Amino acid sequence: MSAIAIAGSRFIIVGGASLVGSATAAELLDAGAREVVLFDNFSLGSDAAIAHLKDHPRLRLVRGDVLRMPDLLDAMRGMDGALLLAAYMTLNMDRDAWGGLDVNIRGVQQALEAARATGVKKVVFASSNAVYGYGPGVKGDLVEETPFFSAGAPPAAILYGASKIIGEQLCRHYKRKHGLDYVVLRYSTVYGERQHYRAANALYIIETYDKVKRGERPQVFGDGSETKHFVYVGDLARANRMAFESAATDVAVNTSGPRPMTTLELVRMVTKLAGGGVEPDFVGEEPGKVRLTSGGAFRIAHEEAERVIGWKPQVEMEEGLARLIAWKEGNEGRGQ
Ligand SMILES: NC(=O)c1ccc[n+]([C@@H]2O[C@H](COP(=O)([O-])OP(=O)(O)OC[C@H]3O[C@@H](n4cnc5c(N)ncnc54)[C@H](O)[C@@H]3O)[C@@H](O)[C@H]2O)c1
């Protein structure tokens, strides 16, 4: 059971030029990591996402592809811990399912094999609440044993959720076959500094903000009662660090924010932070757009994460959104 002391250790973040990767790299460096390697092919990530870290003396950037074993083996040699983030989420899966399944399944398999072959002590795998699926079955408290619901959901969302289930099972398989320690964290929808436009749910935040800034009315689909459960990126960076530090292994836990909210609450909150003055526009479905819906109110329970790795979310939505917006204001016009 590998517990890794962060100070003095070396970490690789596969898919590191990302929203979660950039925050986690900063977290590990602040905790005294000897080296953090950001491994990324920059297909989705960007230089802008890691601009704040670029000149850090203990950070190394490696351009590489999870689908190329030699890239992975070279980069993982000498690492104590590996955080696996490289993935296509639902929107990109919808555009290119072949590419998404390659990265989310074969990419994970290769990263685990490279970790085993190079003697990495522990892997943290970024899974998702997408393993509970979408549609009418998703309601109430979602705990780690909740099964996958798929009836009525868009195929890309099911492919994404199913690919994360496979990624988790590959971790279990490597533990059983090779003793490779791992912790799976099932992130709920992430938001915060360096927010991108790639996640279907977080788009509500960023699109609402952009519209209000342009003086337009933000859109609410349906009656606005649909549940969203977000988590602040800094809270997740801490969860990733704590998963490495804890003795926990062979386990999957939810990491969600303090509480869920309705879409209408969210739109009102972002509108206010963006300057206010406009009322939401209630609209129907947008044809051709992938939207993730649930059947009723739900909450992604995170109590197990506290028991297993000692983590619980700290940042309330109002505070996290204010930080996202402060960051966006500071980066306006810089291609974020
Ligand atoms: N953002 C969310 O709302 C959310 C929610 C739940 C789970 N997750 C999971 O968390 C992880 C990180 O999310 P994020 O929003 O920071 O992701 P992101 O889209 O910002 O980053 C993914 C990174 O993987 C890289 N990548 C893609 N294909 C690659 C390849 N073949 N080789 C090397 N690198 C490659 C991309 O360039 C990108 O930098 C993902 O695994 C995602 O599925 C995210």
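In listed order, ligands and their atoms are each counted from 1. Everything quoted here is computed from the prediction, not taken from an experiment.
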Strictly under 4.0 Å, does any heavy atom of Tyr191 approach an atom of ligand 1? no
Presence of salt bridge, Arg186 and Glu144, under 4.0 angstrom: no
Can you list the ligand 1 atoms lying under 4.0 Å from a non-hydrogen atom of Ala126? 10 (O), 11 (C), 41 (O)
Okay, side chain of Lys175, backbone of Thr249: is any donor-acceptor separation there less than 3.5 Å? no
Heavy-atom contact under 4.0 Å between Gly107 and ligand 1? no
Counting heavy atoms only, which part of Ser127 comes closer than 4.0 Å to ligand 1: side chain, backbone, both or neither? backbone
Quick one, Tyr132 with Asn254, criterion side-chain hydrogen bond (donor to acceptor under 3.5 Å, both in side chains). Give me CA distance, side-chain angles, the key distance, then yes/no. CA-CA 11 Å; Tyr132 304 120; Asn254 292 335; 2.7 Å; yes
Show the atoms of ligand 1 that are less than 4.0 angstrom away from any heavy atom in Val66. 30 (C), 31 (N), 32 (N), 33 (C)
Given side chains that start at C-beta, do those of Phe125 and Leu112 come closer than 4.5 Å, heavy atoms only? no
Side chain to side chain contact (heavy atoms under 4.5 Å, CB included) between Arg323 and Tyr232, worked out: CA-CA 10 Å; Arg323 291 187 199 176; Tyr232 174 64; 3.3 Å; yes
Less than 4.0 Å between a side-chain N and a carboxylate O, is that true for Lys213 and Asp210? no
Do any heavy atoms of Ser188 fall under 4.0 Å from ligand 1? yes
At a 4.0 Å threshold, what atoms of ligand 1 neighbour a non-hydrogen atom of Gly45? 36 (C), 37 (O), 38 (C), 39 (O)
Any atoms of ligand 1 less than 4.0 Å from a non-hydrogen atom of Asp65? List them with their elements. 30 (C), 31 (N), 32 (N)
Note: ligand 1 atoms sitting under 4.0 Å from heavy atoms of Gly64 are 32 (N), 33 (C)
Pick, from His196, Arg63, Met93, the option with the minimum heavy-atom distance to atom 14 (P) of ligand 1. His196
Give the atoms of ligand 1, by number and element, whose distance to some non-hydrogen atom of Ala86 is under 4.0 Å. 24 (O), 26 (N), 34 (N), 35 (C)
Tell me: protein heavy atom nearest atom 27 (C) of ligand 1, and distance? Ser43 OG, 3.4 Å
What protein heavy atom sits nearest atom 6 (C) of ligand 1, and how far away is it? Tyr187 O, 3.4 Å
Answer with yes or no whether Ser22 contacts ligand 1, where contact means a heavy atom under 4.0 Å from a ligand atom. no
Side-chain ion pair, Asp80 and Lys121, N-O less than 4.0 Å: yes
I need the atoms of ligand 1 closer than 4.0 Å to a non-hydrogen atom of Val103, numbered in the order shown. 28 (N), 31 (N)
Look at atom CZ of Arg116 and say whether more than 12 heavy atoms of other residues, nucleotides or ligands are closer to it than 6.0 Å. yes
Only one of Ile6, Ile4, Asn240 forms a side-chain contact (heavy atoms from CB on, under 4.5 Å) with Glu245, so which one is it? Ile6
Has His178 got a side-chain atom pairing as donor or acceptor with Leu180's backbone, closer than 3.5 angstrom? no
Is it the case that the side chain of Ser256 and the backbone of Ile300 share a donor-acceptor pair, with hydrogens and angles ignored and the cut-off at 3.5 Å? yes
Look only at the side chain of Glu207 and the backbone of Tyr204, and say whether a donor-acceptor pair between them is shorter than 3.5 Å. no
Note: ligand 1 atoms sitting under 4.0 Å from heavy atoms of Gly15 are 23 (C), 24 (O), 25 (C)
Write out the residue and atom name of the closest protein heavy atom to atom 44 (C) of ligand 1, then the distance separating them to 0.1 Å. Met89 SD, 3.5 Å
May I ask you to check if ligand 1 and Phe39 share an N or O to N or O distance below 3.5 Å? no
Lys/Arg-Asp/Glu bridge criterion (N-O < 4.0 Å) met for Asp71, Arg68: yes
Option of least heavy-atom distance to atom 33 (C) of ligand 1 (set: Leu19, Leu236, Asn41, Leu85): Asn41
Measuring from non-hydrogen atoms of Lys164 to any atom of ligand 1, is the shortest distance under 4.0 Å? yes
Using a strict 4.0 Å threshold on nitrogen-to-oxygen distance, state whether Glu35 and Arg58 make a salt bridge. no
To which protein heavy atom is atom 2 (C) of ligand 1 closest, and what is the distance rounded to 0.1 Å? Val190 CG2, 3.3 Å
Min N/O separation Gly21 to ligand 1 under 3.5 Å: no
Heavy atoms of other groups near Lys312 NZ, more than 12 under 6.0 Å: no
Nearest protein heavy atom with distance in Å, relative to atom 20 (O) of ligand 1: Arg198 NH2, 2.6 Å
Among all the protein's non-hydrogen atoms, which is closest to atom 39 (O) of ligand 1, and how far away is it? Asp40 OD2, 2.6 Å
Identify, for atom 16 (O) of ligand 1, the protein heavy atom at the shortest distance, and state residue, atom and that distance. Val20 N, 2.8 Å
Could you check atom 42 (C) of ligand 1 against the protein and tell me its nearest heavy-atom contact, residue, atom and distance included? Tyr160 OH, 3.6 Å
Assess Ala130 for proximity to ligand 1: is some non-hydrogen atom of it under 4.0 Å away? no
Trp327 side-chain N/O to Ala322 backbone N/O, donor-acceptor pair under 3.5 Å: no
